[in-house]
Amino acid sequence: MTGRFDPNEADRRWQARWAEEACFAADSDSDKPKTYVLEMFPYPSGRLHVGHARNYTMGDVLARYRRMQGHEVLHPMGWDAFGMPAENAAMERGIHPGTWTRSNIAAMREQLKRLGFALDWSRELATCDPAYYGHEQALFLDLFEAGLVYRKESEVNWDPVDMTVLANEQVIDGRGWRSGAPVERRKLAQWFLKITDFADDLLEGLKTLDQWPEKVRVMQENWIGKSRGLQFRFRLTEPVGGTEDVEVFTTRPDTIFGASFVAVAADHPIARSLAATDAKAAEFVAECKAGGTSAAEIETAEKKGYATGLEVVHPLDPEWRLPVYIANFVLMDYGTGAIFGVPGHDHRDFEFATQYDLPIQRVVAASSELASEPIGEEAACSPGIAVNSRFLDGLTTTQAAAEIIRRAEAAGWGHGTVQYRLRDWGVSRQRYWGTPIPIIRCPSCGPVPVPRDQLPVVLPEDVSFDSPGNPLDRHPSWKHVKCPACGGAAMRETDTFDTFVDSSWYFIRFASQPTDAPFDRAEAEKWLPVAQYIGGVEHAILHLLYARFWTRALQRLGKLDMAEPFNGLFTQGMVTHETYRAGDGSWLSPDEVKRDGDDWVHIEDGHPVIAGRVEKMSKSKRNVIDSDTIVQRYGADAARWFLLSDSPPERDLEWSEGGIEGASRFVQRVWKLANSTGTDDGEDAALGRKLHRTISGVSDAIEALQFNKAVAQLYELASTIEKARPSATRADAIRTLVLLIAPMAPHLAEECWFVLGREGLVANAPWPSFDPAMLVDDQVTLAVQVNGKLRDTVTAPRGLDRAAAEALALSSENVRRQLAGAAPRKIIVVPDRLVNIVA
RNA sequence: GCGGACGUGGCGGAACGGUAGACGCUGGGGACUUAAAAUCCUCUUCCCGUGAAGGGAGUGCGGGUUCAAAUCCCGCCGUCCGCACCA
């Protein structure tokens, strides 16, 4: 009998052995069925916390399980290595972003290795490596040549102190998150990818993704935001700045006779022409632009308008004039930047009309009889029957809308159309630590692609971060180049890509990584699409949409024949932890506090500590648990086991000391079983059935990614084996248990396999199979109910016929007492399950 | 406001419409030990019943369908998440 299982020693030994034998290297030429398991690659922040560990453990279980089932598995790992934090570190500590990033990668790689993941490290990649981003630049040029890239002026959040563009998330209460300076809206020329070209494909494609969470599909659907409607023109009674019409879009053409006004956005050409001559209009336009973009501000913002004095003619009645306003709630970048207002049937228009005393007319009612019912305290937005609408009266909302579109198209003043909420993807970032955009701007030739033989365009190393702004732009020589087309003096694009570009194709590069091309089509298609992609729900929209777009763009270019990159998607929950605060309000880490009865105290000074909410692990609240600490204390397997055990994987998992202790106990129990010797003779039928049921149940649970259920069944099996007498069945059960825990606790499994004297590695062993005949017992327990309430259970031979089951149930003492002599009215028998006596 | 998910013991959670609470954590009792740790055994939804037998209540609330509802339907309440002036 060996003593306790020593994870520190065993983990290291088996990790070395797997590496030596290159167990997890994926062979693209293998004849086995191929499975691609992928977890979202991490940003190399420097530390791997247990949240990462949970994500990778789930993927690892699936990868190892598929391997044992005889699949050739691709399970790679890499680094989403460009981004802001590296530049912040450079500014704060004077370290080069590359140095910082690479040392973080080295540290996190070791942390991952200590968790024993079955990863193909030979395919590791980092997006900040020119060997990666050079290919990305080539792909961008492919898109450019295919007309999927353009440059246009666009409004951005500009931090005047840091002299950089900020993402919306980086604007907090109207101020830059780093500088604290009030953010300005500024127009800047930016590169865009034509994702809107694929809006409908991306929307339709969602229907094929039946192995994606419903939630994510709905989120993407809403994000793409398809609306059908009518786009049409109102004629101005007098032209403004050469314009004679105001073009509007509506999803409710049926309400056209309820129109009270027309409103245009502050950025609309008409508003701009007016502002040029009308000082008050100019003032109003400026006011609109000053308004913040935060959700809170929008919510509380009043509907405001400026009456321009202009009028338009109703398209269905030349005598009918409507006033034109500039309004703060009309968006320039949706639809046409102008609307017609129907206060009776739109919340915003109602609010606006109330403010400015415009008519509120009912044109839709629940029934024709209610035509004269006034609109009450709020707009009536539900569909119904058209009323007060001349030739539309009596038609349903849908019919009326169709009728208006038909007339508009026939008369030529408008047409039925589709609008999307989705905008083109702006990929320019005024930052250093990103992929340089491979374009040269020539004063005479315009934007010229960098010639392919000059790729990659590599970031210069000699940059400084001591002053704000983009170091690439400041660099003395980097941007000055000759135009590849005309040879004249030209400038490199100094913007870099949004890091979402980097993550939009990394899964393809993992599958195939030739040096002279982004990927080899035939090889990539052997692995793709990803069978199971696992990551956080925070990427439900952007990353997953961009990756889907990129894949479809490559398909259009004929580079990859695949519409959807991720066959199965799983979004796992976060790992949370209680938070602690000292009396002065400062946050304390879990290491700094201890329990004192029902309360918590600060270890250092014994002062009481307030235990706060259970929250997502975050640096600022100091409730992050580092994976290394846990691995050192309990070993990789206990950590993995706990991360899989306590909660369903899609839900949050609360990290608890008790939970990891329990996992650690289980590791030792299995070790003890593997080391328990006994006779190998004799059968144990009950244990055999339990074993086969467990094989079946654990397999199903892993297939469904319900790891918590797999774990629970393995606990049960272990307990059953512990209680069983020595037998051949028991010895077999122990061997099988070792195989069944292998995907979750691989080091322990190898170690047990070894002491059991088995050949080879568990990592290469086949997954156990079960005998369906062994899943059923000869004896079953029948529930006996009276009027649906359980009164007794009886043991019966399996397959007992209806009459015998009834008789058995009626012979129960409890049942007889319940019936009190009365004859049953009806007896329901569910074979081998229950008998329900209706009295 | 719109969309989505969820609501089960002290806690995390199990449960093809068919024995609610598997499994884990916590807690109680016990064994081993000079003692402790570790380990093992055992109990642990609530109420009545000394106990056992037995009975009652019970899956957010109120209805309904069904021989039978945590599960299906209708209406509320609550929590969480996403989007948000998208015409």
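Values below: every heavy atom of this structure, side chains too, minus hydrogens, waters and symmetry copies. Chain naming here is simple, since letters A, B, ... match the order of the sequence lines and numbering starts at 1 in each.
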Looking across every strand, which nucleic acid part, if any, lies under 4.0 Å from [X] by heavy atom: base, sugar-phosphate, or nothing?
X	value
Gly662(A)	sugar-phosphate
Asn814(A)	sugar-phosphate
Arg825(A)	nothing
Asp792(A)	nothing
Gln668(A)	nothing
Asn222(A)	sugar-phosphate
Val330(A)	base
Ser656(A)	nothing
Val838(A)	sugar-phosphate

For the side chain of [X], starting at C-beta, report the closest nucleotide among [options].
X	options	value
Arg791(A)	G54(B), U19(B), G56(B)	G56(B)
Ile828(A)	U19(B), C67(B), A87(B)	C67(B)
Arg421(A)	A84(B), U39(B), G24(B)	A84(B)
Asn836(A)	G13(B), C67(B), A87(B)	C67(B)
Phe249(A)	C81(B), A15(B), A87(B)	A87(B)
Ile541(A)	G56(B), C83(B), G3(B)	C83(B)
Arg4(A)	G4(B), A38(B), A20(B)	A38(B)
Lys789(A)	G55(B), A87(B), A57(B)	A57(B)
Trp223(A)	A87(B), A84(B), G13(B)	A84(B)
Thr781(A)	U19(B), G54(B), U26(B)	U19(B)

Residue whose closest nucleotide on RNA chain B lies nearer the 5' end, Gly659(A) versus Gly337(A): Gly659(A)

[atom1]-based separation of [M] from [N] [nearest Å]:
N	M	atom1	answer
G28(B)	U33(B)	P	23 Å
A70(B)	G58(B)	P	10 Å
C61(B)	U8(B)	C1'	15 Å
U66(B)	C73(B)	P	16 Å

Contact residues, residues 711-723 of chain A to RNA chain B [heavy atom, < 4.0 Å]: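 Correct list: Ala712(A), Tyr715(A), Glu716(A).
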
Check: His345(A) ring centre within less than 6.0 Å of Phe350(A) ring centre: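 Not close enough - the centres of the two rings lie 6.0 Å or further apart.
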
Between Phe352(A) and Phe261(A), ring centroids under 6.0 Å: yes

Does atom [atom1] of [X] have more than 12 heavy-atom neighbours from other groups under 6.0 Å away?
X	atom1	result
Glu378(A)	CD	no
Arg228(A)	CZ	no
Arg725(A)	CZ	no

Complementary nucleotide for [N] - Watson-Crick or wobble, under 3.5 Å:
N	result
A5(B)	U79(B)
G51(B)	none
C25(B)	G10(B)
U65(B)	none
C32(B)	none

Lys/Arg N to Asp/Glu carboxylate O, Lys226(A) vs Glu221(A), below 4.0 Å: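 Salt bridge: no.
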
Parallel, tilted or perpendicular: rings of Phe500(A) and His543(A) (30°, 60°):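 Geometry flag for Phe500(A) against His543(A): parallel rings.
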
Phosphate-side-chain proximity, Gln220(A) and G82(B), N/O vs OP1/OP2 below 4.0 Å: no

No-H, no-angle donor-acceptor pair, Lys709(A) side chain to C23(B) base, under 3.5 Å: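 It does not, because no donor-acceptor pair links the side chain of Lys709(A) to the base of C23(B) below 3.5 Å.
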
